[in-house]
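Report on the structure given below.
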Amino acid sequence: MKKLFALLLSVTMLFALAACGEDNGGGASSGRTPADITESGVLKVGVKTDVPGFGLLNTADNTYSGIEIDLANKIAAELGVDKVEFTPVTAATRGQLLDSGDIDMVAATFTISEERKQSWNFTTPYYTDAVSLLVKKDSGIENIADLADKIIGVSTGSTSMKALTEAAAEENVTLTDANFSELATYPEIKAALDAGRVDAFCVDGSILAGYVDDTNHILESVRFSPQEYGIATKKDNTEWAEYLDNLITGWLEDGTMAQIIADNGVVASFEE
Ligand code: GLU
């Protein structure tokens, strides 16, 4: 009787394990391998919806365009996959969506940093941007020194607050937590700028470009803290990370990457 019970228990556990695997799209908990993705016929990619030239959603026909969309489509072609499923992400959500296995990769202005490399794998950078500031034209703000008594809007989970604090310190300007307002999304920061709740909007120039209008401008001469964008994947999925890195390095070497950047009307990478 005991033996039968033990047998039943192990069979149940085997089924439970198999079901866990299925929840992750057929792979182990570390995420899907290139072969898993090819077999499934769908590549799941986290992208931005509001970054012109990188990841922009055209709400009229629900289509995406930009460098990161072209990269995702090219990767799908390499895998022999017909369908790319795009999921909108923000700086605050993209890491969690990778960890949960909802998406296979993030191509969303995701800056590579030593700290982030502890949590996710990143490919070799495909583009380098710089952090900048968007201010109202009548604000009188021209440079970092003008920010000492101001409130700056930054997004949750982004590199912006640290980058600006360090750039200010180099100019002997001290910015503290009281100088920052952290909001979850860029539309919220833009609304805060328009309402006068923040005096400046700080993030990568590529992202600010999506929020320029007649009343504001980007401080073109204020560009600091190079932001190297890499495609991010789940930390323990080394096979997938290596597959993607090989593609990106190949495309950087053979000029494909430069062509994708030019095709999207984006200026070449940031140079200090
Ligand atoms: N690229 C910066 C970062 O990764 C800005 C935030 C964003 O990408 O939305 O933190």
Side-chain angles (χ1 to χ4, degrees), residues 45-57 64-69 71-72 86-99 103 105-134 144 152-168 175 180-193 198 200-212 218-219 222-235 244 248 261 264 266-272:
V45 186
V47 291
K48 289 293 187 78
T49 57
D50 58 350
V51 187
F54 287 81
L56 191 68
L57 175 64
Y64 286 89
S65 62
I67 293 170
E68 289 158 344
I69 310 307
L71 278 177
F86 292 112
T87 298
V89 301
T90 66
T93 66
R94 58 195 165 189
Q96 297 159 17
L97 287 163
L98 271 181
D99 292 342
I103 52 180
M105 57 180 247
V106 165
T109 69
F110 206 171
T111 302
I112 305 163
S113 73
E114 284 311 313
E115 198 187 336
R116 287 175 175 169
K117 280 202 249 174
Q118 308 298 314
S119 304
W120 303 286
N121 290 312
F122 287 88
T123 62
T124 302
Y126 53 86
Y127 187 82
T128 307
D129 198 13
V131 181
S132 190
L133 294 162
L134 181 78
I144 290 180
I152 304 119
V154 290
S155 96
T156 316
S158 74
T159 51
S160 317
M161 194 199 299
K162 186 164 176 268
L164 181 56
T165 306
E166 286 172 2
L175 297 178
F180 291 96
S181 171
E182 271 191 282
L183 297 164
T185 66
Y186 298 119
E188 285 170 81
I189 304 177
K190 173 63 164 58
L193 185 72
V198 303
F201 178 173
C202 176
V203 73
D204 312 357
S206 59
I207 298 170
L208 291 178
Y211 292 93
V212 173
I218 295 174
L219 300 183
V222 183
R223 286 174 66 76
F224 52 94
S225 187
Q227 301 289 306
E228 295 187 329
Y229 296 164
I231 294 179
T233 48
K234 204 166 180 174
K235 182 67 189 162
L244 289 173
I248 295 295
I261 292 169
N264 283 285
V266 170
V267 290
S269 280
F270 171 63
E271 279 154 30
E272 271 194 282

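Every number for a ligand or one of its atoms is a count from 1 in the order of the listing. Just so it is clear, the model here is predicted, and its values are computed rather than measured.
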Per-atom contacts, ligand 1 versus [X] - under 4.0 Å to a heavy atom:
| X | answer |
| --- | --- |
| S158 | 6 (C), 10 (O) |
| I207 | 7 (C), 8 (O), 9 (O) |
| T159 | 2 (C), 3 (C), 10 (O) |
| V203 | 5 (C) |
| Y229 | 1 (N) |
| K48 | 7 (C), 8 (O), 9 (O) |
| D204 | 1 (N), 2 (C), 5 (C) |

**Item:** Pair E166-S225, side-chain hydrogen bond (donor to acceptor under 3.5 Å, both in side chains): steps then yes or no
**Value:** CA-CA 9 Å; E166 286 172 2; S225 187; 5.9 Å; no

**Contacts of K117 that satisfy side chain to side chain contact (heavy atoms under 4.5 Å, CB included) - sequence neighbours left out** =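 Only I112, E114, F122 meet the side chain to side chain contact (heavy atoms under 4.5 Å, CB included) criterion with K117.
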
**Asked** Sequence neighbours excluded, which residues qualify as side chain to side chain contact (heavy atoms under 4.5 Å, CB included) partners of S65?
**Response**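 If we apply the side chain to side chain contact (heavy atoms under 4.5 Å, CB included) test to S65, skipping adjacent residues, the hits are L56.
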
**Item:** atom 6 (C) of ligand 1: nearest protein contact (heavy atom, Å)
**Value:**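 Result: Y186 OH, 3.1 Å.
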
**Message:** For the backbone of N121 and the side chain of K235, can you confirm whether one donor and one acceptor N or O come within less than 3.5 Å of each other?
**Reply:**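 No, because the side chain of K235 does not come within donor-acceptor range (under 3.5 Å) of the backbone of N121.
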
**Request:** If the plane angle is over 60° it's perpendicular, under 30° parallel, otherwise tilted; pick one for F110 and W120.
**Result:**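 Taking W120 first and then F110, their aromatic rings sit tilted (interplane angle of 30° to 60°).
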
**Beyond-backbone contact of I189 with Y211, side-chain heavy atoms, under 4.5 angstrom** =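 Counting from C-beta outward, I189 and Y211 never come under 4.5 Å.
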
**Side chain, backbone, both or neither: the part of M161 lying under 4.0 Å from ligand 1 by heavy atom** =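 No part of M161 comes within reach of ligand 1.
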
**Prompt:** Should the proximity of R94 to ligand 1, defined as any heavy atom under 4.0 Å, be assigned to the side chain, the backbone, both, or neither?
**Reply:**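 R94 to ligand 1: side-chain contact only, backbone stays beyond 4.0 Å.
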
**Prompt:** Can you tell me how far NZ of K48 sits from CD1 of I207, rounded to the nearest 0.5 angstrom?
**Reply:**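 Result: 4.0 Å between the selected atoms.
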
